[in-house]
Protein chains: 2
Amino acid sequence: MVEHSTHLDAVFHALADPTRRAMLGHLAERELTIGELATPFHMSFAGASKHVRVLENAGLVKRTIRGRTHLCRLEAARLAEADVWLKRYERFWSAKLDSLEALLRAEDEAKAKQVKE
Amino acid sequence: MVEHSTHLDAVFHALADPTRRAMLGHLAERELTIGELATPFHMSFAGASKHVRVLENAGLVKRTIRGRTHLCRLEAARLAEADVWLKRYERFWSAKLDSLEALLRAEDEAKAKQVKE
DNA sequence: TCTATACTAAACCATATGGTTGAGCATTCG
DNA sequence: CGAATGCTCAACCATATGGTTTAGTATAGA
């Protein structure tokens with residue numbers, strides 16, 4: 001039952017940092033260079049660059065080198081994988097599905113009662 | 001634009017470990033004690049206990065102490081918060097919404113053209 | 001009461017992380 | 001050419017993380 005060798009470790013780890021989440025937010029608007037990604041944060045250029053690489057290694061960002069500038073764009077496939085993982089738990093917070101579940105459980109109990117009788 | 005002081009840091013960090021994700025998977029089946037949560041993993045009891053506390057601190061698990069055993073149950077509200085965050089990016093991987101977006105963009109361009117003319 | 005069970009706490013270790021600074025490498029531009 | 005720009009790399013630092021072991025507390029049961 002041990003879960004392993006998906007991208008989820010890297011993706012969730014990348015998302016666990018507010019700077020990196022904000023960077024993704026900016027990339028959702030448009031493609032940005034490393035410099036443009038770095039400027040909003042109170043951080044050295046090199047520090048921001050390391051965050052971008054974490055995002056890149058997680059597959060959340062793709063980089064295109066054009067001359068001396070590195071253009072980054074959002075790559076959402078891995079976010080979709082994270083979303084799929086979360087979907088497994090949707091029924092635990094979705095009221096709609098909760099009541100459906102209750103309904104099905106009630107039916108099961110009714111059937112069990114019939115069998116007993 | 002700096003994003004901060006949500007639970008997302010703790011939640012995503014908790015989800016970044018495969019042991020902890022597996023534990024949540026088991027808790028999705030039924031409530032479990034620390035011992036039951038620990039046994040599937042090649043890890044010391046104390047090690048597993050630390051993972052449970054990470055999940056608890058992230059608000060993903062609630063603990064009820066009954067005698068000497070600690071019963072844990074899944075608490076999905078924080079997973080819902082993570083899902084809400086991911087939803088912002090849904091349009092980047094959803095084909096349906098992508099084509100809707102293309103449609104709207106085409107309409108915008110048509111309008112822009114009309115204004116120009 | 002005496003012992004086994006379920007768990008936490010604390011100390012410790014190796015490695016990862018988030019940040020810095022300074023050097024270096026291409027590329028662009030005057 | 002020479003200088004400024006955009007970025008990476010390497011070294012370094014403090015702290016966090018994931019794991020261990022040993023010890024300790026409290027409850028359950030014989």
Side-chain angles (χ1 to χ4, degrees), chain A residues 2-27 30-73, chain B residues 2-27 30-73:
Chain A
V2 177
E3 191 174 2
H4 64 102
S5 84
T6 57
H7 306 292
L8 290 173
D9 286 22
V11 170
F12 282 130
H13 169 251
L15 297 183
D17 184 284
T19 298
R20 290 192 290 260
R21 287 198 306 277
M23 283 178 166
L24 290 179
H26 297 145
L27 287 173
R30 61 182 186 87
E31 299 191 357
L32 293 166
T33 67
I34 307 284
E36 289 169 332
L37 277 171
T39 36
F41 306 102
H42 305 150
M43 190 182 302
S44 70
F45 192 96
S49 169
K50 281 169 95 172
H51 279 300
V52 175
R53 188 164 23 177
V54 171
L55 291 167
E56 200 182 5
N57 289 338
L60 296 170
V61 157
K62 292 290 179 191
R63 178 193 309 241
T64 308
I65 300 179
R66 277 187 69 179
R68 64 185 162 178
T69 74
H70 296 204
L71 244 198
C72 299
R73 73 163 195 282
Chain B
V2 177
E3 191 174 1
H4 65 101
S5 84
T6 57
H7 307 292
L8 290 173
D9 287 21
V11 169
F12 282 130
H13 170 251
L15 297 183
D17 184 283
T19 299
R20 291 192 289 262
R21 287 199 306 277
M23 283 179 165
L24 290 180
H26 297 146
L27 287 172
R30 60 182 187 88
E31 300 191 356
L32 294 166
T33 67
I34 305 284
E36 290 169 330
L37 278 171
T39 37
F41 305 102
H42 305 149
M43 191 183 301
S44 70
F45 192 97
S49 169
K50 281 169 95 173
H51 278 301
V52 175
R53 187 163 26 178
V54 171
L55 291 167
E56 201 182 4
N57 289 339
L60 295 170
V61 157
K62 291 291 179 190
R63 178 193 308 242
T64 308
I65 300 178
R66 277 187 69 179
R68 64 184 161 176
T69 75
H70 295 204
L71 244 198
C72 298
R73 73 164 195 281

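Look at CG on Asp9(B): it is 10 Å from P on dG18(C), rounded to the nearest Å. Atom pair Glu36(A):CD and dC7(D):C1' shows a separation of 13 Å (rounding to whole Å applied). As rounded to whole Å, 8 Å separates atom C1' of dC7(D) from atom CD1 of Ile34(A). Per the geometry, NE2 belonging to His70(A) stands 12 Å off P belonging to dA26(C), to the nearest Å. Rounded to an integer number of Å, the gap from CG of Leu32(A) to P of dG6(D) is 14 Å. When rounded to the nearest whole Å, the span between CZ of Arg21(B) and C1' of dG18(D) equals 15 Å. Taking atom CG of residue Leu71(B) and atom P of nucleotide dT5(C), one finds them 19 Å apart after rounding to whole Å. Counting to the nearest Å, the P atom of dT5(D) and the CD1 atom of Ile65(A) are 21 Å from each other.
Closest to the Phe45(A) side chain, of the nucleotides dT17(D), dG6(D), dG18(C), is dG6(D). Of the candidate nucleotides dG19(C), dT20(D), dC7(D), dC7(D) has the atom lying nearest to any side-chain atom of Thr33(A).
For Asp9(A), the salt bridge (charged side-chain N to carboxylate O under 4.0 Å, His left out) partners two or more places apart in sequence, or in a different chain, are Arg21(B). Residues passing the salt bridge (charged side-chain N to carboxylate O under 4.0 Å, His left out) test with Arg73(A), sequence neighbours excluded: Glu75(A). Taking the salt bridge (charged side-chain N to carboxylate O under 4.0 Å, His left out) definition, one finds that Glu36(A) meets it with Arg30(A), sequence neighbours left out. Under the salt bridge (charged side-chain N to carboxylate O under 4.0 Å, His left out) criterion, Arg66(A) pairs with no residue, sequence neighbours left out.
Thr69(A) comes within 4.0 angstrom of the backbone, heavy atoms only, and of no base. Within the nucleic acid shown, Gly35(B) comes within 4.0 Å of sugar-phosphate atoms alone, with no base atom in reach, counting heavy atoms only.
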Under 3.5 Å, which N/O atoms of the protein pair with N/O atoms of nucleotides 27-30 of chain C?
from	atom 1	to	atom 2	distance (Å)
dT27(C)	O2	Arg68(A)	NH1	3.1

Output side-chain donor-acceptor pairs under 3.5 Å for residues 50-61 of chain B, partner residues at least two apart or in another chain, one line each.
from	atom 1	to	atom 2	distance (Å)
His51(B)	ND1	Arg20(B)	NH1	3.1
Glu56(B)	OE1	Arg63(B)	NE	3.1
Glu56(B)	OE1	Arg63(B)	NH2	2.7
Glu56(B)	OE2	Arg63(B)	NE	3.2
Asn57(B)	ND2	Arg53(B)	O	3.4

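Near DNA chain C, meaning a heavy atom under 4.0 Å from it, residues 49-57 of chain B has Ser49(B), Arg53(B) in order of number.
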